[in-house]
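Everything numeric in this text was worked out from a predicted model, so none of it was measured.
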Amino acid sequence: MRTQLKLTRDGDAFLARLTPRQASAMYEALSYLSERDSGDTELTLLVGAGREAVDALVARLAGRHTESRDFHLTLAELHMAHSALTAAPAMFVERGGLFAEEPFHIRFGFYRENFHALAFAVVRAVAEA
């Protein structure tokens, strides 16, 4: 997965050109956390927003993207995506503190390193914008 990300300021928001894999990774992380059998408080703790805001971003990221696409994202939405990319792998830590790589890969179609690299790219891109 391409881990470079370029953001351009657009007023209070950012214009992000996401590759299909980047949009898919963000979608998968956010939708997984939103679909968990947890309350709005837990989701807010994990990603900084409640179900309504998360589901709205999930809907915007949904779909089978075949080309890179521009997304207008607020800082809060970038925070949600970043938090989901870092929180989702934590849900696959098994008893004894070991990470369950295979179940994670089966569920997301990505490796944990892909999520971490994309999360870092979001932070770096915001800093550069």
Side-chain angles (χ1 to χ4, degrees):
M1 172 181 12
R2 182 171 171 246
T3 57
Q4 291 180 339
L5 183 64
K6 175 98 168 118
L7 297 175
T8 307
R9 280 252 182 217
D10 186 20
D12 290 339
F14 296 86
L15 180 63
R17 178 163 278 279
L18 300 179
T19 67
R21 298 280 291 160
Q22 290 170 334
S24 178
M26 290 179 182
Y27 168 83
E28 291 297 337
L30 284 160
S31 64
Y32 173 75
L33 294 173
S34 179
E35 293 167 358
R36 287 176 45 89
D37 199 19
S38 58
D40 207 49
T41 302
E42 181 182 350
L43 184 61
T44 301
L45 177 65
L46 288 170
V47 299
R51 192 162 319 281
E52 187 176 316
V54 172
D55 289 347
L57 182 54
V58 166
R60 290 180 43 217
L61 293 168
R64 187 170 167 355
H65 306 290
T66 57
E67 296 179 1
S68 293
R69 186 173 148 211
D70 290 337
F71 290 87
H72 281 88
L73 300 168
T74 65
L75 187 58
E77 290 170 330
L78 286 168
H79 177 261
M80 282 187 270
H82 174 269
S83 295
L85 290 165
T86 59
M91 302 298 130
F92 288 79
V93 174
E94 295 179 329
R95 197 171 214 157
L98 298 176
F99 181 71
E101 187 73 48
E102 187 175 356
F104 181 85
H105 189 266
I106 289 169
R107 167 56 183 86
F108 295 106
F110 293 93
Y111 294 102
R112 171 178 50 169
E113 292 82 5
N114 299 132
F115 275 30
H116 291 308
L118 184 54
F120 180 70
V122 169
V123 172
R124 189 173 53 238
V126 167
E128 291 172 0

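- For the atom pair CD (Gln4) and OG1 (Thr19), the distance works out to 11.0 Å, reported to the nearest 0.5 Å.
- The closest donor-acceptor contact from the side chain of Ser24 to the backbone of Pro20 lies at 3.5 Å or more, if one exists at all.
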> Given Arg21 and Leu118, is the side chain to side chain contact (heavy atoms under 4.5 Å, CB included) satisfied, shown in steps?
Replying inline: CA-CA 10 Å; Arg21 298 280 291 160; Leu118 184 54; over 6 Å; no

>> Could you walk me through whether Arg60 and Leu73 satisfy the side chain to side chain contact (heavy atoms under 4.5 Å, CB included) test, starting with their C-alpha distance in whole Å, then the side-chain angles of each, then the deciding distance to 0.1 Å, before giving a yes or no?
In response: CA-CA 10 Å; Arg60 290 180 43 217; Leu73 300 168; 3.7 Å; yes

> Between Arg107 and Glu28, does a salt bridge (charged side-chain N to carboxylate O under 4.0 Å, His left out) hold up when you go through it step by step?
Replying inline: CA-CA 9 Å; Arg107 167 56 183 86; Glu28 291 297 337; 2.6 Å; yes

>> Apply side chain to side chain contact (heavy atoms under 4.5 Å, CB included) to residues Phe14 and Glu77 and explain how you reach the verdict.
In response: CA-CA 10 Å; Phe14 296 86; Glu77 290 170 330; over 6 Å; no

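- Using a 4.5 Å heavy-atom threshold, the side chains of Asp12 and Thr74 count as separate.
- Side-chain contact between Leu18 and Arg69 is absent, with no heavy-atom pair separated by less than 4.5 Å.
- A distance-only check finds no donor-acceptor pair linking the side chain of Arg51 to the backbone of Leu43 [under 3.5 Å].
- Leu57 and Leu75 fall within the same hydrophobic cluster, where Ile, Leu, Val, Met, Phe, Trp and Tyr residues are linked whenever their side-chain heavy atoms come under 4.5 Å apart, directly or through other members.
- Annotation: Tyr111, atom OH; neighbour count of heavy atoms from other residues, nucleotides and ligands within 6.0 Å does not exceed 12.
- Counting all heavy atoms, side chain and backbone alike, Ala84 lies closest to Leu33 at CA-CD1, 3.6 Å.
- Enclosure of atom CD in Glu113 by more than 12 non-hydrogen atoms of other residues, nucleotides or ligands within 6.0 angstrom is indicated.
- At least one side-chain heavy atom of Leu46 sits less than 4.5 Å from a side-chain heavy atom of Met91.
- Within the model, atoms CZ of Arg112 and CG of Leu85 stand 14.0 Å from one another, a figure rounded to the nearest 0.5 Å.
- Residues Leu5 and Ala125 share a closest heavy-atom pair of O-CB, 3.3 Å.
- With Gln22 contributing its side chain and Ser68 its backbone, the two residues share no donor-acceptor pair below 3.5 Å.
- Taking hydrophobic clusters as Ile, Leu, Val, Met, Phe, Trp and Tyr residues chained together by side-chain heavy-atom distances below 4.5 Å, Val126 shares a cluster with Leu30.
- Checking side-chain atoms of His79 against main-chain N and O of Val47 turns up a donor-acceptor pair under 3.5 Å.
- Smallest separation of non-hydrogen atoms from Ser83 and Thr86: O-OG1, 3.0 Å.
- The minimum heavy-atom distance linking Met80 with Ala49 is given by the pair SD-CB, 3.5 Å.
- In this structure Phe108 satisfies the ring pair (Phe, Tyr, Trp, His ring centres under 6.0 Å) test together with Tyr32, Phe92, Phe104, Phe115, sequence neighbours excluded.
- Within 6.0 Å of CD on Glu94 lie more than 12 heavy atoms contributed by other residues, nucleotides or ligands.
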>> For Lys6 and Arg17: C-alpha separation, side-chain torsions, deciding distance, then whether side chain to side chain contact (heavy atoms under 4.5 Å, CB included) applies.
In response: CA-CA 7 Å; Lys6 175 98 168 118; Arg17 178 163 278 279; over 6 Å; no

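- Taking the salt bridge (Lys or Arg N to Asp or Glu O under 4.0 Å) definition, one finds that Asp55 meets it with nothing, sequence neighbours left out.
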